[in-house]
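For reference, the structure is listed below as structure tokens.
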Amino acid sequence: MKLNIAQFGWVLALFIGWNANSAFALVGMDQKVFEGIQNAQQLAEEKAFDEAHNTLAKLRQRKHLSDYEIAQILSLSGYIYTQQEKYPLAIEQYKAVAVTKDITEGLKENALYLLVQLHMITEDYKSAIQYAETLREIKKVADPNLLVLIAQCHYRVDHFDIAKENLERAIVLEEEAGRPPKENWLLLANAIAYSCGDTVAMEKVLVRLIDLYPRDRYVLNLASVYGQKEESERQLLLLEPLYEAGLLKARAPKILLAQLYILHNVPEKGARVLQSLVGEADEADEIRDLELLAQAWTLAKEPDKAVAPLTAAAKRSRDGNNYVRLAQAFISMGDWASAKTALRSGIKKGHLSDEANGLLMLGMAQYNLKQFSDAIQTFQLAKKHDSIRELSEKWIGFVEREKERYDLARS
């Protein structure tokens with residue numbers, strides 16, 4: 001994590017005015033020390049960290065340095081170590097600043113702020129909380145930014161109630177000052193609510209995020225919350241405008257939208273969403289997409305449009321179930337020949353979830369094609385399944401009588 005120099009509260013204008021010789025009067029700092037600090041700062045900006053540290057080390061060797069000068073040197077040293085991501089060393093520098101006596105309140109508070117941030121970077125949240133509480137005690141007015149830092153630390157160690165309390169206080173202070181809460185504050189509030197399983201709070205936070213900082217992902221998150229609350233109609237009302245505006249990019253929310261269309265009796269819209277996804281997923285997901293697409297067209301009473309996705313799914317599937325579904329589509333259109341072919345393929349492929357039903361459908365297809373002997377043979381196979389034994393026997397008797405009448409008519 002890189003922090004810029006502005007975050008370290010550097011007082012680069014340590015002078016109160018220019019004289020005729022372009023010299024300046026420094027507040028609490030020797031001119032040579034100030035120039036050395038400026039030089040070290042410039043070296044740090046140029047990434048010449050070793051040279052910067054050497055410059056500061058030489059400054060520390062000067063006699064009669066004031067506490068304020070020492071604190072400034074330590075602060076810059078801490079900044080450089082932070083830029084080098086040597087956080088333990090940076091922490092030691094700011095600890096030394098924090099206990100230095102004769103320095104400005106601003107410099108001490110800045111050091112404590114940075115100790116909070118650095119301990120958060122190193123995931124030592126207990127220490128971060130301790131320094132944050134110390135800082136809160138010495139500040140004269142409540143600081144919403146500090147309260148948010150405290151909330152973040154408590155959230156990281158699963159103290160959700162304390163985190164929520166501090167964050168809500170920060171938001172109130174910000175609003176009293178006439179400012180809306182920052183986006184990352186509301187994101188933290190949402191994370192706390194999620195960790196507590198509080199969908200009501202999540203809904204409120206996300207609605208506010210959408211109002212203040214409208215982003216597609218917040219709408220999707222709110223739709224997910226409505227899903228958890230089993231409010232599918234509100235999900236649909238959120239996702240449909242995003243899709244129509246071309247803002248639903250990912251596959252998952254499009255699948256969800258299609259499922260919602262099917263659930264709320266607009267399967268044709270669901271089918272058109274799914275049609276746009278064909279060929280975009282891996283093998284397993286592609287098969288599920290094709291099955292859902294076929295289901296949507298079937299519910300839309302357009303079984304002819306279900307044929308293509310079911311055929312593709314059936315060829316890719318490891319079992320024959322999609323061939324059975326394909327046969328059902330053909331039967332609904334009265335195409336018994338295609339239904340028979342699909343059923344034979346499904347039974348041959350095997351692993352049917354209901355083989356008995358597949359045999360029964362095949363026998364019916366053969367009967368409607370007047371292939372009576374084949375139908376009787378198929379029903380004899382179906383009779384071996386206890387679940388349809390009685391029904392198969394009835395079919396056998398019926399087909400035998402139909403065969404006799406048919407043969408008699410032909411003769």
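Starting from 1, each residue takes its place in the sequence as its number. Every heavy atom of this structure was used, including side-chain atoms; hydrogens, water molecules and symmetry mates were not.
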Quiz item: Should D161 and K164 count as an ion pair when the cut-off is N to O under 4.0 Å?
Solution: no
Exercise. Indicate whether the side chain of N321 and that of S353 have a donor and an acceptor atom separated by less than 3.5 Å.
Key: yes
Quiz item: Just checking, is any N or O donor in the side chain of E183 or Y218 under 3.5 Å from an acceptor N or O on the other one?
Solution: yes
Quiz prompt | Polar side-chain atom of S77 near backbone of I73 as donor-acceptor pair, under 3.5 Å | solution = no
Practice problem: May I ask you to say whether E280 pairs ionically with K254, meaning some side-chain N is under 4.0 Å from a carboxylate O? | Solution: no
Exercise. Can you establish whether the number of heavy atoms outside E105 located under 6.0 Å from its atom CD is more than 12?
Key: no
Quiz item: Angle class for the F379/W395 ring planes (parallel below 30°, perpendicular above 60°, tilted otherwise)?
Solution: parallel
Quiz item: Pick from K32, Q31, Q38: which one makes a side chain to side chain contact (heavy atoms under 4.5 Å, CB included) with F34?
Solution: Q38
Self-check item: Validation row, ring centre Y367 to ring centre F398 under 6.0 Å
Solution: yes
Practice problem: Starting from the C-alpha separation in whole Å, work towards a yes-or-no answer on side chain to side chain contact (heavy atoms under 4.5 Å, CB included) for Y213 and L186. | Solution: CA-CA 10 Å; Y213 308 99; L186 294 174; 4.1 Å; yes
Exercise. Could you check L359, L326, L362 and say which one makes a side chain to side chain contact (heavy atoms under 4.5 Å, CB included) with L343?
Key: L362
Practice problem: Applying side chain to side chain donor-acceptor pair (under 3.5 Å) between N166 and each of Q152, H159, R136, report the one that passes. | Solution: R136
Exercise. Taking atom types as modelled, find out whether E240 and Y261 have a side-chain donor-acceptor pair closer than 3.5 angstrom.
Key: yes
Quiz item: Any Lys/Arg nitrogen of K204 or E168 sitting under 4.0 Å from an Asp/Glu carboxylate oxygen of the other?
Solution: no
Exercise. Might you confirm whether atom NZ of K229 has over 12 heavy atoms from other residues, nucleotides or ligands at distances under 6.0 Å?
Key: yes
Self-check item: Modelled atom types, side-chain donor and acceptor of Q72 and Y68, under 3.5 Å
Solution: yes
Exercise. With rounding to the nearest 0.5 Å, note down the distance linking CG in L277 to CG in D289.
Key: 6.0 Å
Practice problem: May I ask you to say whether D374 pairs ionically with K340, meaning some side-chain N is under 4.0 Å from a carboxylate O? | Solution: no
Quiz item: Which residue, L239, L237, L238, V273, forms the side chain to side chain contact (heavy atoms under 4.5 Å, CB included) with L260?
Solution: L239
Practice problem: Grab the two heavy atoms, one from P144 and one from A170, that are nearest each other, plus how far apart they are. | Solution: O-CB, 3.4 Å
Quiz item: Taking everything shown except D282 itself, do over 12 heavy atoms lie less than 6.0 Å from its CG?
Solution: yes
Exercise. Examine the side chains of Q41 and E45 and answer whether a donor and an acceptor come within less than 3.5 Å of each other.
Key: no
